[in-house]
2 protein chains.
Amino acid sequence: MLAVERKPTSNNIRDLLKRNALRSTPQRVLLLSLIQSSGKHLDADQLYELARRRDDKIGRATVYRNLKRLVAAGVLRQRFFEEPPIRSYYEMATPAEHYHFTCLRCGKIIEFACPEIEEVGQRLYHIHGIVVSHSNVTLSGYCATCLREIEKGVEDQVGEKVISLAKLSPGQSGVIVYVGGEGRLRRRFMEMGLIKGEKITVERLAPLGDPVEFLVKGYHLSLRQNEATLIQVELSTL
Amino acid sequence: MLAVERKPTSNNIRDLLKRNALRSTPQRVLLLSLIQSSGKHLDADQLYELARRRDDKIGRATVYRNLKRLVAAGVLRQRFFEEPPIRSYYEMATPAEHYHFTCLRCGKIIEFACPEIEEVGQRLYHIHGIVVSHSNVTLSGYCATCLREIEKGVEDQVGEKVISLAKLSPGQSGVIVYVGGEGRLRRRFMEMGLIKGEKITVERLAPLGDPVEFLVKGYHLSLRQNEATLIQVELSTL
DNA sequence: TTAAGTGCAAAAGATTTGCAGATCG
DNA sequence: CGATCTGCAAATCTTTTGCACTTAA
């Protein structure tokens with residue numbers, strides 16, 4: 001039988017600290033193990049509370065100081081999500097750069113890669129002589145689950161069959177019963193005349209269902225499928 | 001002679017408020033005119049201080065409350081830059097989406113468009129069923145001016161002719177005297193062996209000077225030109 | 001042994017809230 | 001006039017700092 005590593009995580013963390021020329025104290029090991037094992041994005045206060053359960057002597061200042069130092073050393077990464085409460089959250093610094101989507105309704109966080117951002121850096125360099133060394137991309141909107149629930153919720157309120165504009169087939173008509181989205185996107189919907197009570201007819205879908213072309217108030221308009229998902233329509237039966 | 005508008009800005013702002021179903025109070029008009037005319041990104045406290053110069057009775061709470069309400073109404077946009085001090089800054093909500101680059105050295109902010117982000121939204125929709133309604137892209141690094149000054153600064157310290165790796169010609173060699181960049185990028189430089197004192201030879205440049213291919217410790221490596229800008233080299237005279 | 005890290009308490013910031021009085025529409 | 005907004009002060013909440021004590025290397 002092979003030697004079993006008793007505290008693999010703890011040892012790995014001690015190594016990680018040493019590699020980064022940081023003293024390995026029980027408090028640091030504890031913090032890192034909490035972050036590493038949680039898999040979630042935790043803020044300083046949540047980490048303090050979690051840490052206290054394992055070490056009731058640990059001080060807030062220690063948590064804050066260490067988070068700061070670990071970020072400075074590149075062991076941790078500090079992230080900012082703009083949805084209230086606006087705080088910073090911490091995650092292990094992984095070699096592969098990734099960014100975050102947060103659901104405005106349930107708060108779920110989904111990580112994704114965004115290689116396109118490299119091109120933006122290149123463009124900025126060529127245009128402005130700027131060198132980009134840090135990038136942050138944070139998107140927000142609605143996750144698939146919440147979209148379904150929004151649809152359901154609108155349906156319950158209206159008392160009729162409600163479906164998202166993205167799911168209508170060409171030729172189908174309906175009345176807009178709910179316009180989702182936030183800020184800019186919502187404004188754009190308004191400017192396009194996508195307002196509650198308006199009649200809407202889908203004209204055609206591009207190959208992948210993207211974009212969706214439709215008719216509102218006599219205007220031929222089109223939306224990307226993901227945008228169309230935010231418009232809830234009550235189907236008209238001919 | 002045409003009637004001269006005496007307070008065009010003020011009237012426009014009152015209109016803007018009315019259009020958004022917000023009462024137009026002197027405090028709101030003042031805040032918006034400060035933001036509109038400054039052209040900079042100001043945080044709540046800076047706005048409070050500026051506002052006090054024109055209305056010494058205005059209260060902090062009024063500033064905070066109004067910023068919040070104006071953001072909620074879509075009149076203002078709240079931005080977050082991750083370089084300390086970490087605060088939120090306010091700007092007028094413009095119809096065209098744009099993002100920000102901040103210089104880590106001088107704090108300058110450069111705005112840019114990033115149409116690529118639309119594609120990311122599409123991808124997330126197709127992969128995860130997510131609908132993106134807000135996006136935030138914040139980049140940071142060094143502006144052209146600061147890059148020149150860094151180069152100059154290193155030169156003064158080293159006392160020799162210093163040039164950025166991006167500016168070397170094929171065949172030229174030198175010794176690395178300074179490695180810039182932050183966090184991830186800096187680590188990547190280290191992993192590549194781009195360390196102070198190391199000898200480096202440029203092998204060739206791609207058509208646009210991008211990427212730069214070079215030789216360090218016998219390894220053939222390449223960097224994008226913007227990345228290469230962060231490495232300062234002291235030229236070896238043959 | 002000693003530089004660095006820790007806990008505690010106090011300080012410093014940033015933002016919010018309760019409330020009486022003022023103001024917009 | 002009534003709902004909304006304002007100014008003020010106090011309250012909250014997050015983060016930092018000073019200092020005496022402890023600990024990792």
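Letters go in sequence order (proteins before strands), and every chain restarts at 1. Values in this document were obtained by computation on a predicted structure and should not be read as measured data.
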Taking A/Gln27 for its side chain and A/Ser24 for its backbone only, find out whether a donor-acceptor pair lies under 3.5 Å.
no
Return the value, rounded to whole Å, for the distance between atom CG of A/Asn66 and atom P of C/dA4.
15 Å
Check side-chain hydrogen bond (donor to acceptor under 3.5 Å, both in side chains) between B/Arg52 and all other residues, then give those that pass, not counting sequence neighbours.
B/Glu49
5' priority, DNA chain C, between A/Thr25 and B/Lys18 [closest heavy atom]:
A/Thr25
SB check B/Arg79 B/Glu111 (cutoff 4.0 Å):
no
Between B/Phe81 and B/His41 (judged by ring centroids, cut-off 6.0 Å), do the two rings come close enough to count as a pair?
yes
Would you tell me if any nitrogen or oxygen in the side chain of B/Arg23 comes within less than 4.0 Å of OP1 or OP2 on D/dT6?
no
Is the backbone N or O of A/Leu22 less than 3.5 Å from a side-chain atom of A/Asn20, with the two atoms forming a donor-acceptor pair by type?
no
Let me check the geometry of the helix from C/dT1-D/dA25 to C/dG25-D/dC1. What is the bend angle between the axes at its two ends, five pairs each, to 10°?
50°
Mind checking if A/Asp43 touches a base, just sugar-phosphate, or nothing, with heavy atoms under 4.0 Å?
nothing
Okay, side chain of A/Asp55, backbone of A/Ala51: is any donor-acceptor separation there less than 3.5 Å?
no
Does a salt bridge link A/Arg123 with B/Glu116, judged by any charged N lying under 4.0 Å from a carboxylate O?
yes
Spacing of B/Arg28 atom CZ relative to C/dG25 atom C1', expressed in whole Å:
13 Å
Test item: A/Arg28 side-chain N/O and A/Arg23 main-chain N/O as donor-acceptor pair under 3.5 Å
yes
Residue A/Gln27, side-chain atoms from C-beta onward, closest of C/dG7, D/dG7, C/dG25:
C/dG7
What one-letter contact string describes nucleotides 12-20 of chain C from 5' to 3', where B marks a base within less than 4.0 Å of any protein heavy atom, S marks contact via sugar-phosphate atoms alone, and - marks no contact?
--SBBBB--
Provide, to the nearest angstrom, the distance between the CG atom belonging to A/Asn20 and the P atom belonging to C/dA4.
17 Å
